[in-house]
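Structure first, then comments.
Below, chains carry the letters A, B, ... as their sequence lines are ordered, and counting in each starts from 1. Source: prediction; values computed, not measured. All values below come from the heavy atoms of this structure, side chains included, with hydrogens, waters and symmetry mates left out.
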Protein chains: 2
Amino acid sequence: MKRLSDSLPMMLYRTLDSVMPNFRRIFAQFGLTEQQWRVLRALWENNSLPLLYLSKATLISSPSLVGVVDRLERDGLVVRERTATDRRIVKVRATAQGMALEDQVTPLVDQAYAVLNQHLSESDWHNLYKGLDSLIQQPQPKEKRAQAKTKGAGR
Amino acid sequence: MKRLSDSLPMMLYRTLDSVMPNFRRIFAQFGLTEQQWRVLRALWENNSLPLLYLSKATLISSPSLVGVVDRLERDGLVVRERTATDRRIVKVRATAQGMALEDQVTPLVDQAYAVLNQHLSESDWHNLYKGLDSLIQQPQPKEKRAQAKTKGAGR
DNA sequence: TTTATTTAGTTAATATGTTAATCATTAACA
DNA sequence: TGTTAATGATTAACATATTAACTAAATAAA
């Protein structure tokens, strides 16, 4: 049987353990966590985003995102804004202070990516992404959707 | 610039998000978390392991592992054993109850892996692992080792 | 329009992840 | 051998992850 250490999940975790510390070290220099950076970067690309979109863009689940945004707000890097048309929606916007971080953090992050890129050839990157993409596209077991309502027959 | 969603970390996280729920669903059927399963599986392969080895085998950091083992012990699945020769070492052993889970969980997990395997061709798997391996082997920034002691010259 | 359903965000409860600091033991050494 | 450094496990402080439940607001349906 395949050894635990060679399973796909373990390989993925090991890769993250190998790659992420380099980036986290950079984020830490600016008092940011990895998740906080992901949120900020999404906001740098889009002025203002609803939490739900932000959740999808950062891959941070809604419950976790609430706390991440709380702390970003506490630190004065973003603000929450209620939407007038649909009052259920809460948009998040980066403050001037939050925006200012982009030019400071981005160069360092880009450089770290550049270093990372050197470790694989062009075709190796292509093949790696191809494999990951296939796994991502893998048909997900359908969410337990609202059951087709059996109208009438109350059983 | 490369979009956030296409960065290597995001691709890795997305892959895990796509793959892991299927396994977690299985673990949950037995009241196990993903990490608890990793510890148990390591113990199934090796009767008894020091926490430090267990940490490396499961990719769970020492501080996290303490809690994972605490809860496994609480649930009667493993026990801690002090080593006589070196009393700093704590070994973890699966109880009969913990051992019994192997034959129940393994078939389901193996099947999940079998399904997963079908999503990529033999060569795609090879290429994927090759890429991940290269990133894992990537030279790590050396730990801040104990500084070469400058004996004498107290500065 | 009244009611049921869906949606966006949040809270709650529990389990981990991350980094730094501590404790008890050993190992190394002057 | 008394002191210092290195180890293995744990604790502390904080930030997330995961799943389920809940609230307010908007929609669809009766």
Side-chain angles (χ1 to χ4, degrees), chain A residues 13 16-17 20-25 27-29 31-39 49-56 58-75 80-92 143-149 151-152 154, chain B residues 13 16-17 20-21 23-25 27-29 31-39 49-56 58-75 80-92 143-152 154:
Chain A
Y13 286 129
L16 282 168
D17 284 351
M20 295 317 294
N22 305 306
F23 290 96
R24 295 206 194 98
R25 226 186 317 279
F27 303 147
Q29 292 177 37
L32 296 175
T33 64
E34 181 189 336
Q35 292 72 200
Q36 291 174 349
W37 176 80
R38 295 221 294 264
V39 168
L49 288 175
L51 277 171
L52 199 57
Y53 284 13
L54 207 45
S55 172
K56 289 171 184 169
T58 59
L59 301 187
I60 297 173
S61 67
S62 288
S64 292
L65 190 56
V66 170
V68 175
V69 172
D70 280 348
R71 287 176 285 275
L72 279 172
E73 203 167 16
R74 175 199 65 191
D75 297 342
R80 277 183 167 87
E81 297 173 338
R82 278 281 164 191
T83 298
T85 57
D86 187 334
R87 281 142 53 199
R88 288 171 303 181
I89 300 177
V90 173
K91 285 190 170 186
V92 182
E143 304 277 318
K144 55 161 181 263
R145 299 217 164 288
Q147 307 193 337
K149 78 174 151 194
K151 56 162 61 173
Chain B
Y13 285 129
L16 282 168
D17 283 350
M20 295 316 296
F23 290 97
R24 294 206 194 97
R25 225 185 319 279
F27 304 147
Q29 294 177 36
L32 296 175
T33 65
E34 182 189 337
Q35 292 72 198
Q36 291 175 349
W37 176 80
R38 296 222 294 263
V39 169
L49 287 175
L51 276 171
L52 199 58
Y53 284 13
L54 207 46
S55 173
K56 290 171 184 168
T58 59
L59 300 188
I60 298 173
S61 67
S62 288
S64 292
L65 190 56
V66 170
V68 176
V69 172
D70 279 348
R71 287 176 285 275
L72 281 172
E73 204 168 13
R74 176 199 65 191
D75 297 341
R80 277 183 168 88
E81 298 174 338
R82 276 282 164 188
T83 298
T85 57
D86 187 337
R87 281 141 49 196
R88 287 171 302 184
I89 300 176
V90 173
K91 285 191 168 185
V92 181
E143 304 276 318
K144 54 163 181 260
R145 299 218 165 285
Q147 308 193 336
K149 81 175 147 191
T150 53
K151 57 163 59 173

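- For the pair B/S55 (side chain) and B/L51 (backbone), a donor-acceptor distance under 3.5 Å is absent.
- Protein atom CZ of A/R80 is 10 Å distant from nucleotide atom P of C/dG9, rounded to whole Å.
- In this structure a side-chain-to-backbone donor-acceptor pair under 3.5 Å is missing from A/T83 to A/V90.
- Legend: residues meeting salt bridge (Lys or Arg N to Asp or Glu O under 4.0 Å) with B/R88, ordered by chain and number and at least two apart, are B/D86.
- Distance, B/L51 CG to C/dC23 C1': 15 Å, rounded to whole Å.
- Across all strands shown, D/dT1 is found opposite C/dA30 as a Watson-Crick or G-U wobble partner, with both distances under 3.5 Å.
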Take nucleotides 12-19 of chain C nucleotide by nucleotide from the 5' end and write B, S or -, depending on whether a protein heavy atom sits under 4.0 Å from the base, only from the sugar-phosphate, or from neither. B--SSBBB
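- Checked options B/L59, B/T58, B/I60; the residue passing with B/Q35 is B/I60 (criterion: side chain to side chain contact (heavy atoms under 4.5 Å, CB included)).
- Listed nucleotides C/dT11, D/dT10, D/dA6 differ in distance to B/R88; the shortest reach to its side chain belongs to D/dA6.
- Spacing between atom CG of A/L52 and atom P of C/dT7 amounts to 11 Å, rounded to whole angstrom units.
- Summarising the geometry, the separation between CD1 on B/I89 and C1' on D/dG8 is reported as 7 Å, rounded to the nearest angstrom.
- Straight-line distance from the CG atom of B/L32 to the P atom of D/dT18: 17 Å, rounded to whole Å.
- As rounded to whole Å, 13 Å separates atom C1' of D/dG8 from atom CG of B/L54.
- If you check every strand for non-hydrogen atoms under 4.0 Å, A/T85 touches sugar and phosphate atoms only.
- An OP1 or OP2 oxygen of D/dA24 is reached within less than 4.0 angstrom by no side-chain nitrogen or oxygen of A/R87.
- Here the side chain of B/E73 pairs no donor or acceptor atom with the backbone of B/D70 at under 3.5 angstrom.
- A salt bridge links B/E34 to B/R24: at least one charged side-chain nitrogen sits closer than 4.0 Å to a carboxylate oxygen.
- What separates OH of B/Y13 from P of D/dA17 is a distance of 8 Å, to the nearest Å.
- Figure legend: cation-pi geometry between A/R38 and A/F27 absent, as NZ or CZ is not positioned both under 6.0 Å from the six-membered ring centre and within 45° of its axis.
- Whole-Å rounding puts the A/Y53 OH to C/dA8 C1' distance at 12 Å.
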